[in-house]
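Just so you know, these numbers use all the heavy atoms, side chains as well, and skip hydrogens, waters and symmetry mates. Predicted model, so just to flag it, every value in this text is computed and none were measured. Every number for a ligand or one of its atoms is a count from 1 in the order of the listing.
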Amino acid sequence: MHFYHKEVLDWHFFNTFAQNIKNDSKMSINIEKIREDFPILKKEIYGKPLVYMDNAATTQKPLCVVEKISENYLNHNANIHRGVHFLSQEATEAHEAARETVRKFINAKYAREIIFTRGTTEAINLVVSSFCRSQCKDGDEVIITQMEHHSNIVPWQLQQQDRDIRLKVIPFDADGVLQVDQLDQLITGKTKFISVTHVSNALGTVNPVREIIRKAHAHGIPVLVDGAQSVPHMPIDVQELDADFYVFSGHKIYGPTGIGVLYGKEAWLDKLPPYQGGGEMIKKVTFEKTTFNELPFKFEAGTPDYIGSTALAAALNYVSQIGMANIAEHEQQLVRYAKEKLSGIEHIRFIGNAKERSGLISFLVGDIHPYDLGSILDKLGIAVRTGHHCAEPVMTAFGIEGTVRASFGLYNTEEEIDTLVAGVERAAKMFGRR
Ligand code: PMP
């Protein structure tokens, strides 16, 4: 476990936040206090207290993030970068300060290596498009894994319409553990890129991305890591990982929707052509020729989401003050507890049994359709996700249509897991499986 995010701690905030950090032997964070920061958690659904366990899809937002958005619109709103007036300069400074907050959060070397995107999906599409257009030729190969989210499969397939790129896949075993040893056979002289998810959103498996990056770099192959399901749950240091590209979404880490991050090593971002054309990303435009702006603006065409970026920074400050290592520890405990308690349910089948796992549990009970199970849990106030989780190849590998997925965040409790387990038991009884 690394503690470098402690460096992000701002001493001015620390005193207020110290209340949230308790020296309890069981849990290192004060969940009751944290839950107060998320007003939506007080909601009742069908007369039952909301149990929100759909955090892998999106997380709830703390007051500080919501307040940041309204405060910005009410007091600091003006389009950034081009204005000489006070409000524009103030908004520009806030946007660039947010970039610096992101840089520190994932320990990138330079702020210009942080590109704001709409989310993980757009960040992957950007890299895939710019990389393939500039670096790939017919016959080249790209390696992904069998547990990718569709957003790390389909962008590559779109490129296949223009050039003959072959997609190769690292398989996982019956427990949902990636068979990384197969990478040595999959890499050939034609391998141009490796793109892997850090944590599977369908299985919860944490992949050994550092090992994958090491192997790839031994052959001079760049690696993109999809951090959509890792950044919210563990400390991330992109320099330590030596990732060439690392991407994540703001809304999965208590920030707003519509903002995400592409980290790229400066050398790569310099080498790749722009993804979209428009304002902000240019230096000089004539009808004959356009020259492009420097990093990071080269990849940020159009008006940036400067409200979203500052609200994302508020979210990152929020989790940093609690401590990513503390959040990781709390969520690991929740996953262990959930696994143990759910294991007592007759006919339960876990989809994904990796030892290295994070944040979520995917399961089925007997032959109850996940949709039916999810609908009954919903009536009990429990929000879980059902279906293929945008990872259909994972479902195909297990020969199933979908799973029920309970995914946890920093505000979930063991009591809520007890409610989930009781709900699943009740549903199983209703369907005559107990
Ligand atoms: N990758 C993974 C592993 C994900 O879990 C998700 C979201 N479910 C995405 C990519 C896509 O994220 P977004 O929809 O925020 O772009």
Side-chain angles (χ1 to χ4, degrees), residues 52-61 65 102 106 115-129 144-158 169-170 172 176 178 194-209 212 223-234 236 241 243 245-263 275 305 308-309 311-312 315-316 331 351-352 354 356-362 383-395 397 402-409:
Y52 187 78
M53 293 187 173
D54 194 16
N55 294 284
T58 200
T59 51
Q60 300 302 342
K61 318 304 169 199
V65 168
V102 174
I106 57 170
I115 313 292
F116 286 117
T117 64
R118 282 197 300 124
T120 304
T121 302
E122 191 179 56
I124 296 176
N125 275 275
L126 187 164
V127 173
V128 172
S129 166
I144 59 173
T145 80
Q146 198 179 9
M147 63 177 85
E148 294 310 316
H149 187 274
H150 295 165
S151 60
N152 195 21
I153 302 171
V154 186
W156 295 107
Q157 292 172 335
L158 292 178
V169 179
I170 313 172
F172 55 73
L178 206 60
I194 298 180
S195 196
V196 293
T197 193
H198 197 165
V199 173
S200 159
N201 71 314
L203 304 166
T205 309
V206 181
N207 289 322
V209 286
I212 294 171
V223 180
L224 178 145
V225 179
D226 172 353
Q229 299 295 343
S230 50
V231 169
H233 304 291
M234 59 188 74
I236 297 297
L241 285 173
F245 303 96
Y246 201 98
V247 299
F248 66 97
S249 298
H251 70 95
K252 291 183 198 285
I253 185 164
Y254 313 101
T257 52
I259 188 89
V261 170
L262 159 64
Y263 157 80
Y275 175 53
D305 185 3
S309 63
L312 170 61
L316 298 184
E331 292 176 352
I351 308 298
E356 296 294 326
R357 58 187 303 140
S358 167
L360 64 92
I361 294 203
S362 250
V384 292
R385 186 138 299 235
T386 62
H388 56 56
H389 317 297
C390 295
E392 279 197 71
V394 173
M395 304 305 139
T403 73
V404 177
R405 180 184 73 186
S407 56
F408 311 118

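Applying the 6.0 Å contact sphere to CD of Gln157 captures more than 12 heavy atoms from other residues, nucleotides or ligands. Residue Arg385 qualifies as open at atom CZ: its count of foreign heavy atoms under 6.0 Å is 12 or below.
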Identify the protein atoms, limited to N or O, that lie within less than 3.5 Å of an N or O atom of ligand 1, and list each pair with its distance to 0.1 Å.
| residue | atom | partner | partner atom | Å |
| --- | --- | --- | --- | --- |
| ligand 1 | 1 (N) | Asp226 | OD1 | 3.4 |
| ligand 1 | 1 (N) | Asp226 | OD2 | 2.5 |
| ligand 1 | 5 (O) | Gln229 | NE2 | 2.6 |
| ligand 1 | 8 (N) | His149 | NE2 | 3.3 |
| ligand 1 | 8 (N) | Lys252 | NZ | 2.9 |
| ligand 1 | 15 (O) | Ser249 | OG | 2.7 |
| ligand 1 | 15 (O) | His251 | NE2 | 2.7 |
| ligand 1 | 16 (O) | Thr120 | N | 3.4 |
| ligand 1 | 16 (O) | Thr121 | N | 2.9 |
| ligand 1 | 16 (O) | Thr121 | OG1 | 2.6 |

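Residues His389 and Thr403 bring a donor and an acceptor atom of their side chains to less than 3.5 Å of each other.
With sequence neighbours excluded, the residues satisfying salt bridge (charged side-chain N to carboxylate O under 4.0 Å, His left out) with Arg118 are Glu122.
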- prompt: After noting the C-alpha distance and the side-chain angles of His198 and His233, does the key distance pass the ring-ring contact (aromatic ring centres under 6.0 Å, His included) rule?
  reply: CA-CA 11 Å; His198 197 165; His233 304 291; over 10 Å; no
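Here the side chain of Lys61 pairs a donor or acceptor atom with the backbone of Gly255 at under 3.5 angstrom.
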